[in-house]
Amino acid sequence: MTDDRPFRFTIPIPSAVPSRVDHHIERRLSAMKGQFYDTQAYEAMLANEDLLLYEVYEIKRPEVAGELLMGISVVHPGKVGREFFMTKGHYHTVLDTAEIYYVLKGEGFMVMETPEGICAVEPLSPGQVLYVPPRWAHRSVCTSRREDLVTFFAYPGNAGHDYGTIEQKGFHKLVMEGPDGIEITDNPRWRA
Ligand SMILES: [Fe+2]
């Protein structure tokens with residue numbers, strides 16, 4: 001590629017929409033079937049409106065080892081039943097690839113687990129960097145009442161996305177609103 005020169009872009013705050021966007025993904029409630037614990041609340045919400053749960057602004061690079069793929073993830077505030085809005089969550093197809101997140105705005109959690117069933121739930125708030133090591137599936141959850149959870153991410157170009165494993169078995173941990181605040185609970189439907 002002759003035109004493969006270094007480039008810059010900006011992430012203006014508070015909008016957090018990057019100055020360069022090659023691909024904009026919108027994930028709505030209808031794309032999250034089977035992901036939220038309270039299926040009744042999910043169906044009732046969906047019948048009313050196919051709400052926008054999260055968006056991803058991608059900067060395109062070749063999807064090969066040696067490159068980095070990066071972008072901005074925006075999870076909107078809200079709940080399905082008692083469970084906070086979240087991303088689908090995924091393993092990388094090439095399991096031995098990591099990812100780094102930098103939190104720009106909002107509050108939330110990163111829910112993670114390995115194929116062996118080890119899990120971790122890390123709080124996210126502005127200024128924090130979260131390193132997701134190779135082999136850890138990851139999902140971001142927005143627990144802000146009104147604000148979006150906005151993160152910058154970067155991961156290896158050859159990583160790929162495996163959404164199917166999480167669609168089938170879910171994550172071990174759920175992030176819910178409880179009577180005394182945020183609760184991180186075991187997912188009764190989680191399958192080893
Ligand atoms: Fe990822």
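Whatever order the structure lists them in is the order used to number ligands and atoms, beginning at 1.
If you check the side chains of Asp162 and Thr93, you find no donor sitting under 3.5 Å from an acceptor.
When rounded to 10 degrees, the angle formed at the Fe ion (ligand 1) by NE2 (His90) and NE2 (His92) equals 110°.
Among the heteroatoms counted here (N, O or S) of Glu99, OE1 is the one nearest to the Fe ion (ligand 1). When distances from the Fe ion (ligand 1) to the N, O or S atoms of His138 are compared, NE2 comes out shortest.
Using a 30° and 60° split on the angle between ring planes, His24 and Tyr57 fall in the parallel class, below 30°.
Between Met70 atom CE and Phe153 atom CZ the span is 9.5 Å, to the nearest 0.5 Å.
Salt-bridge annotation for Arg27 and Glu55: absent, with no side-chain N of the basic residue lying under 4.0 Å from a carboxylate O of the acidic one.
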